[in-house]
Every structure is written in C-alpha cells, then in structure tokens.
Amino acid sequence: MSNYNARATEAKWQAIWDKMGTFDVTIDPSKPKYYVLEMFPYPSGRIHMGHVRNYTLGDLVARYKRARGFNVLHPMGWDAFGLPAENAAIANNIHPAKWTQENIANMRDQLKSMGLSYDWTRELATCEPNYYQHEQKMFLDFLEAGLIYRKESWVNWDPVEKTVLANEQVIDGKGWRSGANVEKRNLSQWFLKITEYADDLLESIKDLNRWPDRVRLMQENWIGRSEGAHIQFELCGRDDQIDVFTTRPDTLFGASFMAIAANHPLASEMSKKNAQLSNFITDCNRMGTSEADIETAEKVGLDIGIKAKHPFNPSIEIPVFAANFVLMEYGTGAIFGCPAHDQRDLDFARKYNLDVIPVVAPKGANPKTFHIKKEAFVEDGILINSDFLDGMSISEAKSASIKKLAKIGKGKSVVNFRLRDWGISRQRYWGCPIPIIYCDTCGTVPVPNEQLPVILPEDVDFEKPGNPLEHHPTWKIVDCPKCSKKAKRETDTFDTFFESSWYFARFCSAPNDQAFERDATDYWLPVDQYIGGIEHAVLHLLYSRFFTRALKQCGYLSHKEPFKGLLTQGMICHETYQDSDGKWLFPEEAENTNSPVTIGRSVKMSKSKKNVVDPEEIISNYGADTARLFMLSDSPPDRDLDWTDSGIDGAWRYINRLWRMVTEHKIPLPEINTPLPENLSITAGEIHRKIHKTIASVSDDLDKFHFNKAIARIRELTNILESCDQSEAGASWVLRHGFETLVCLIGPMMPHIAEELWQHLGHDTILANTPWPDVNTDFLFENNSTIAVQINGKFKGTITLPRGCKGKEAEKAAMALPKIAETVKNKAVKKIIVVPDRIINVVI
RNA sequence: GCCCCUCUGGCGGAACUGGUAGACGCGCGGGAUUCAAAAUCCCGUUCUCGCAAGAGAGUGCCAGUUCGAUUCUGGCGGGGGGCACCA
C-alpha cells in the first residue's frame, strides 16, 4: 500500500502545464467565450486562507467551463497601490515599489503552488506605469465629458492616515483601515459624478440576475432613491429663498419651523453678525461623526432670526433654525419641520415650544378632536386642516400639493439619492498621480496628452509626515502647458478603487499605447463569472459598474455592466484561543502549552486574534489538492467555512483512498475505448447506471455552484466503485469506465492527482484539455421505482412498482403491503392518493 | 429605528417545482489487522423506550392551509447582516 506523493506529483504537473502554456488563451470567435475572474489580491506578502478559497472556487469554474468547450479567459494580477506599502516604507525603511515587487514575487510563487489555471502571460500590477498611465488618460477624458469636477468640500479626514476617506470608507465614524475617529475638514477635492448614473445604476440592478439578491439589495439601499419635492420658501424682508427637499409635500400645512444645516450658506451669512450663531456653528462642526456621538448628541437648534413665508399662504410666517441634525450633504441641506407627523420634528418642536398642527388623521377620526401628544402620527390617513388638500389620502395630497407648487412656481417633484459623488483625491504617495497642473495665471490645467504619463518619482522621503509628493524638492514644479510660467503639479493621487475599476478590461489585452484593444474587450467582456468577498458589495462593485458606464460614454467600451455573474464567497473561520491573561494564542501555541487555554467560538480568521492557519504550511504538508478539496467539501461557497484539522485530514484520506483504488485494483482493466460489453452482470449494470447518474448530477451541481453537493456525489461513486465485486461479469470494464469518469469529474477540483491518474490509466493526453464526460441518458432510465406508502401521511413502508404504474394497480400493490393491510383491516378507506413513482397515501 | 437573511443529529451540511427527513463528510462507539502503535479496513451512530423484532417522537416555538409541510401562510422567539440625525 503506497501513499500518494502529493509534493512531487503537483510540482510535475505544474511544470508541464506551464511549459505547454496549457492555459494561455487567444481570441477565437469560433468558440463560445467564458471569462472567469477572481478579485485580484492586494500584495500583502503572503496568501491567506481567504485567497485559497477564492482562487479554488475560480479555478474550479474555469477548468469546468474549459472542459465544457468554452474558450476560457482566467487571468490574475495585483492590486498594487495602497497604504500598507507606505506604512512598510516608514516602518522598515524600504521603498514601496521594492516592497510591493518582493511581495508580488512571493505571492506569485504561492499561487503557482496551488496549481491554478491562470494565463500568466496576462499578469499585471496596477503600480506599474504601463498600467496606471492609461487611467490618467481616462481621467482627462472623463473631465472633458463632464464626469469629473473639483470642489471645496467637507471631507472625512483620517488623522492617522492623513488622508481623505470616501463615505464608504468610514465605518461607524472610524476610518476603515486605521480605526481612528474621522474628523471633518474642508478641502479642495476631485470628484467623479457617480450620481449622474444613479438612476441607471439602480434600474440595471434588476437585470443582474446572476448576482446574489443580498448584494443587489445592498446596492439599492446604498443608492437610496427617494421621491419627493423641492419647495421654495421665500424669506421675509429678503430677496432670496430657502430650497428644501421633502418626501412629504402633503404635510406642508403642518409646517411650523424650517431647519437648515449648520454649514448652509445662509447660516454662515447670518453668523457674521450673530456671535451666538457663530458659536453654534463651530460647535456643530466640532461634533464627531461617530455612531456614539450621533446617538448621544441632543437635537439642538438656534433661531437665526429670519422668517420664511408659507408657499401656499404668505401670511403664515415660519421661524428658521440652524440645526445640528440637518445634513448639508443630503437633499438641499434644508428642511421644513412638520412636528405632527415626524417624531424627530415633534421632539424639536416640544423643546422650542413650536406649534404642532395635525394635518393627517386616521380614517374615521374626528378632525376637531384629533391631537398629537407624545407620538407623531406617521401612518396613512386623511388630510385635515389643509385647505384644498382636506379629505384627500396622503398620496392624493402629495400630487395635488406638487401640482399647485408647480403652478405657482414654488416647487416641483424631484428624485433624490442617498448616493454621493465619488471623491477620488488621496493625499498619499503610493498611488496614481492625478494629471493636473495648477497655474496662477491659467488656473486648473489638464496635463496635455503628449506630456502623459505623469510618472511617480522614485526618490522620495518618508521621514516627514504627510504626502511625500508634497515635499519632494522638484517633482511638483513644472511649466504651465498653456502659458509656460512656473506652475505646480497636483500632488494628490487617485483612490485605489480607481485602479480596480477597470483592471478586468486590461486583462483582455494590454497594449502599450492604449488601455486595451476594443476588439479584445468586445470579445471577452463582460466578465461571465466574478468571484470574491461580500465586503466589496457596495464599494468596488458599485464603482466598477459606474466606471464601465463612464468608459462606454467616452467611447472606450461597448458594455455598461462589467460583471454578468457574481459569486460572493463566505469567510474562513477558526476557533480562537486565549491564555489565562486573555492574550491571543496561535493554534499551534494553544496545542503545545501546559497552561490553561480558553477556547472561543469560531470567528473569521484574523491576524489580530491569531486564529489563522498558513496555507503554505498546509500545501507543503498535504498538497494543494487536499487544501482545495477541503475548501469545496463542507459548506456551500457563499457560506462561512469552519477550518478544522480533522476536515483537512478527511480530505487527505480521500485523496489517498482514490489513489489506491485506481492504482491498486486486483483485476487488469481493458484497453482504453473498449466498447460496452453485452454480458454485464446486474450489479455491474447498476454501477454503470450510477456512473452516468453521477455525471448528470455533478454537472448540474457545478452549473449551480453547489460544489459541496458535487463532492458528495463523487464520494458516493467512489464508495460504490471501491466495494465493487471484481469477480462480476463486466466488472473490469465498469471499473475502467468508473475510474475514468471519476478522474474527469475531479479534474477541476483536484487537478494534479487527476492528471496523474489520467496518465496512470494509460492516456497520453492532458486531462485539462479533455472534454467533460457525456451523460448517456439511456443508462439513466430505470424500469422500476421504489415508492413510499403512507397511512394518513405517515410513512409505513416501500413497494417496488414498474415505472409509471398508477391507478388501481398501484393502489392494489400498496394495500397488499402487510403493514398496510393490517392497519387498515377493520377501517373504511376514505381515499387513496397515488403520485406515480413517488408516493401512495392511504387515507382512513 | 428601517430593510434583509437565517434557524434541520454531537458538528458542517443534504432533501428536485409540497411527496421515504438526515445524502456526503467530520466526530464518536465497537470490531478486524498488529508484539504494540500509526495507517488501513469492517460494523454502528436523530432522539426516547426495548436484548431484539419493533413502537413512539422529531426540521426554533405556536397556529393555519393540505391526503401529506423542513418546504406554503400568519404570529412569536433566537442568531447574523446591511443602512441610519436621510428630511
């Protein structure tokens, strides 16, 4: 009995695939294409188990589709710009470029040891000028297309990273990477007009039917469409007006105050001669944005000393407050308060002794006696106290109100989005330079085409805090392209989501003089199957959808959706271990210590909790196939997966069992392609049928991404072949057929052992190039079916009937079952339900 | 607060559009092999009662629809996730 030599075998086949260029592809219009892509990694230096799962899933899909006859594009690259490289530069005095290159080299080796079917000729790293230069051109094209603008804006400032964060990068008021409390700062920033596409991004979600519902819903919520109205309130004694956004124009007659954001222009203006207001605004700006701050912050306001006129009745004058709960960034930065029908407005009104006028009453309530006490009335009802709206339902009143506003020129219906424009400026070194020059005479000047690319300088100093580009001695000083006077370069770089928003297109073809060739993207895009973590449900996946639209608008692409199918994989979890002091322990530390260890529940593997297992160690001990099998076996891909040592042992055991079964069978196998013998014994015939059933169900499971089920079916077939009586007539033929089938089916999952066994079975072809086995449906047919018999829905036994048997014949057979006959003996049978080939239910 | 998902043995999970609940694996128990162990192989393994044949219960809880519910409907409870001064 010999153990399978994983290490030698895996190295052997990796070398062969590599040498033969097995997975290198070119455009072939005669074949259907299939583009499989896994989210490319950040080159942190080492792969982790999450990567192993991600790339195992992708490789399975790629190899399976390949076997099914598709021309498969399956590339890999590196999301190589970003903060950790700069942190390493500061901590270890190594240049970010060098650090990144070394990490890439190491991780590439690790990925290669997994036996992944990548076309490595297409490898890219986003930090290379050859990559990032093309997005400088895109930026300029977007700018010209009006998709980019620059504005002074309040931004989320991460005091630790010394950079601006997008809304999406602020989690619970803290920076997503640093965890530091985010502050507000007013900076000049570049923005991408993602809101321009808000409607289309939202509308098209319904067509993404191969995306998980969960992700679609998250994007819908993130875009946050709400229908309402803009209403203009004229101001008493002034020429200007306040513009508000509301979703409840029906409650306009219940308005008893206006509230504007602390950083609303009107508030700033009034604060110039109002010290109290000025202090109030300063207080509001100081307030943090953390969840705790928001929860505990009291809703406060200050009358700014102006009155607004009610749009339907100018004689009604409404006080205007500056308030800390009104956001400049949402809607128009101003609201009207209707305390009777909004809890927050009600609390505010009670606090500042403002009127509470009910304008909607429950159906059937007496309008004269209906009062609001402590709770605002937010349900549906009938309009009251509202002049021409009285008696209407809320939805009738909404449209009537908007209609009237439009008629008198004081409002209109609008759609508002929660989605913000995408701020792309980062005050960091290790990113793509923004191709802009600031000239004192000419203003903001785009870098002309012939001066592109703007290359990141290598000689930078990380000793000083802040952006090294800013304090570089010469780099930022240039001649203005327009007037040739001394001017200054933009020293901000792109948010790294910029790079990941188009890399899938660059994989299609990577010429030097342009981002990609149109022929190639027309052939390969969209990505047929994208695979990655759920954490990118809104950030990367929404930006990419927008970016693809922007590229289409600027004539780069023919498609507007980048990813046709999406699979979001679950996390890898592991038990946690703590010593008596509460210090986290690595799994091997916990095992090898004599002091007491507290075992915590299984949570996502993370460095901070030390509950990690190093893939490299697993691969060198057990081989990549074992690791891959384990990744696919237990849980469906979208669910979390618990890492267990016994689970990996189980996978290793299976691989050895398979090895022994195929290499150490007792009887010789017939030649390859020996036709089906006619004298198969009954058992051999059953096994033959099982082989074809397995091909059918595994194919179906793989199509549906039910990988754990596919493996269960494969193990079933293994069990059957293993216990096959080798003396039966036709056994040797069935064994060969069974082994070959099994080897083909495991090919996409455990490619190395599959190739080795394929060769062992006498083939001189590469399994990776071998078509998927065909199902012969003739062999799936069975003459008899086993049918359950129930009494009143309770299972009593089974009978075997000819396939399709129904009616009296089936009833008779069921009643003949001793257990049924006995139970029914003295009782009247009310009816008998017969579902052919399924069930017979006797009702008594 | 709003929105969404989820709940099946000791564990991960199966069960096609309502039709034999627990496939497959892990773990556990017993046995074979061995001087002994590892490895391997065989048997058993939802729970309760029973030596057994067998009987009863069972998919978070309570109702309902149905000949029949893990699956459909309503309510309650547990776990998880997303959004959130959003006007």
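Convention: sequence-line order gives letters A, B, ...; per-chain numbering from 1.
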- [ ] Select one nucleotide: of B:C3, B:C85, B:C86, the one nearest the side-chain heavy atoms of A:Tyr330.
- [x] B:C86

Task: Minimum-distance nucleotide to A:Asn708 side chain [options: B:A14, B:A57, B:C41] - done: B:A14

- [ ] Let me know the distance between CD1 of A:Ile820 and C1' of B:U20, rounded to the nearest Å.
- [x] 12 Å

Task: Closest listed nucleotide, where the reference is the side chain of A:Arg418 and the choices are B:C83, B:C24, B:C85 - done: B:C83

Task: Atom-to-atom span, NZ of A:Lys796 to P of B:A55 - whole angstrom - done: 7 Å

Task: Atom-pair distance (NZ on A:Lys299; C1' on B:G1), nearest Å - done: 11 Å

- [ ] Specify the separation, in whole Å, of atom CG of A:Asn792 and atom P of B:G56.
- [x] 13 Å

Open item on the list: From the set B:U20, B:C41, B:C85, return the single nucleotide nearest to any side-chain atom of A:Leu327.
Closed with: B:C85

Open item on the list: Using a heavy-atom cut-off of 4.0 Å across all strands, would you classify A:Val843 as base, sugar-phosphate, or nothing?
Closed with: sugar-phosphate

Open item on the list: In whole Å, I'd like the distance from the NZ atom of A:Lys709 to the P atom of B:C16.
Closed with: 8 Å

TODO: Find the distance A:Asn841:CG to B:C67:P and express it as a whole number of Å.
DONE: 10 Å

Task: Positions of residues 338-349 of chain A (non-hydrogen atom under 4.0 Å from RNA chain B), listed by number - done: A:Arg344

- [ ] In whole angstrom, give the distance that lies between atom CG of A:Asp701 and atom C1' of B:G13.
- [x] 13 Å

- [ ] Return the nearest nucleotide to the side chain of A:Arg639; candidates are B:A57, B:U20, B:G13.
- [x] B:G13

Task: Secondary structure string for RNA chain B (Watson-Crick or G-U under 3.5 angstrom, | for other-strand pairs) - done: (((((((..(((......[....)))((((((.......))))))((((....))))..(((((..]....))))))))))))....

- [ ] List in chain and number order the residues that pass ring pair (Phe, Tyr, Trp, His ring centres under 6.0 Å) with A:His692, two or more places apart in sequence or in another chain; answer none if no residue qualifies.
- [x] A:His688, A:His737, A:Phe779

Task: Interatomic distance, A:Ile534 CD1 vs B:G80 C1' [rounded to whole Å] - done: 12 Å

Open item on the list: Syn or anti for B:G9? Use the chi torsion, O4'-C1'-N9-C4 for purines and O4'-C1'-N1-C2 for pyrimidines, with syn inside 90° of 0.
Closed with: syn

